Amino acid sequence: MTRGRHTLTEIESQPEAWAETLAQLRHTPGLDDFAPERFDEVLFIGCGSTYYLAVAAATLYQQLNEVPARGLPASELWLRPEAYLSPRRRALLVAVSRSGNTTETVRAVAAFRKH
């Protein structure tokens, strides 16, 4: 395989992958519970490369929905939840993880739920 071919194939597959994802989301029960107007802010968290994805997702989310959003390293929310969460604001947390078991992300979700 030519150097970089795997990356190119992945990039070229994105339009179809996103179209399929959006089609599935349109038929997901309970998705209205996450409507932008229900929240004062949205926090996207991740570790390593998923942190960069969280930052990009937060920027796009805020642009599309006009709801304040930000991307954070999961460890920031885990170690200092009071710096990011307020009982007076309705926040939605979007945790990004490749495995679903990333220690910092799992602990940040627990801290979010506690607050």
Side-chain angles (χ1 to χ4, degrees):
M1 183 175 249
T2 308
R3 184 180 173 127
R5 183 69 192 147
H6 178 72
T7 301
L8 180 59
T9 300
E10 183 68 22
I11 291 169
E12 290 172 339
S13 75
Q14 291 305 296
E16 183 180 332
W18 281 106
E20 183 179 325
T21 300
L22 291 172
Q24 289 179 13
L25 286 174
R26 286 188 188 98
H27 303 290
T28 303
L31 196 58
D32 290 340
D33 293 343
F34 302 101
E37 61 273 3
R38 297 196 59 197
F39 301 97
D40 298 316
E41 65 182 335
V42 180
L43 303 174
F44 290 80
I45 61 168
C47 294
S49 61
T50 60
Y51 160 68
Y52 295 106
L53 177 59
V55 170
T59 301
L60 181 60
Y61 185 92
Q62 182 169 298
Q63 180 183 8
L64 293 175
N65 296 295
E66 298 180 357
V67 173
R70 58 183 154 169
L72 302 169
S75 59
E76 283 292 307
L77 186 59
W78 165 38
L79 297 171
R80 300 180 36 220
E82 67 284 348
Y84 302 100
L85 302 173
S86 167
R88 294 182 301 278
R89 296 184 55 81
R90 295 168 300 157
L92 172 65
L93 178 65
V94 178
V96 183
S97 173
R98 292 184 193 281
S99 68
N101 297 314
T102 307
T103 301
E104 292 91 341
T105 302
V106 170
R107 290 180 179 172
V109 170
F112 179 83
R113 287 180 173 156
K114 184 177 178 182
H115 280 80

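As the structure is a prediction and not an experimental result, all values here were calculated from the model.
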Would you say Leu72 and Leu93 are hydrophobically clustered, going by side-chain heavy atoms of ILVMFWY under 4.5 Å?
-> yes
Give the other cluster members for Val55, using side-chain heavy-atom distances under 4.5 Å between Ile, Leu, Val, Met, Phe, Trp and Tyr residues; answer none if it is isolated.
-> Tyr51, Tyr52
Heavy-atom neighbours of Glu16 CD exceed 12 at 6.0 Å = no
Spatial distance of atom SG (Cys47) from atom CH2 (Trp78) [nearest 0.5 Å] | 9.5 Å
Determine whether Leu43 and Arg70 make a side-chain contact, defined as any pair of heavy atoms from C-beta on separated by less than 4.5 Å.
-> yes
Determine, using the 4.5 Å side-chain heavy-atom cutoff (strictly less than), whether Ile45 and Leu85 are members of one ILVMFWY cluster.
-> yes
Within 6.0 Å of CD in Glu66, more than 12 heavy atoms from elsewhere = no
Only distances under 3.5 Å count here; give the side-chain donor-acceptor pairs of residues 100-115 to other protein atoms, sequence neighbours excluded, each with its distance to 0.1 Å.
unit_1	atom_1	unit_2	atom_2	d
Thr102	OG1	Ser97	OG	2.9
His115	ND1	Ala111	O	3.2

Scanning both residues in full, the closest heavy-atom pair of Gly71 with Ala58 reads N-CB, 3.4 Å
Contacts of type ring pair (Phe, Tyr, Trp, His ring centres under 6.0 Å), residue Tyr61, not counting sequence neighbours = Phe44
Value for CG (Leu64) from OG1 (Thr59), rounded to nearest 0.5 Å, stands at 10.5 Å
Arg98 meets the salt bridge (charged side-chain N to carboxylate O under 4.0 Å, His left out) criterion, sequence neighbours left out, with none
For Leu53, what residues pass the side-chain contact (heavy atoms from CB on, under 4.5 Å) criterion, not counting sequence neighbours?
-> Val96
Any donor-acceptor N/O pair, Glu41 side chain to Ala91 backbone, under 3.5 Å | no
Provide the closest heavy-atom pair for Glu76 versus Tyr84 in the form atom of the first, atom of the second, distance.
-> OE1-OH, 2.7 Å
Starting at CD1 of Ile11, measure out to NE2 of His6 and round the result to the nearest 0.5 Å.
-> 10.0 Å
Output all residues satisfying side-chain contact (heavy atoms from CB on, under 4.5 Å) with Arg88, sequence neighbours left out; order by chain, then residue number.
-> Ser86
How close do Arg90 and Arg38 get, heavy atom to heavy atom, and via which atoms?
-> NH1-O, 2.9 Å
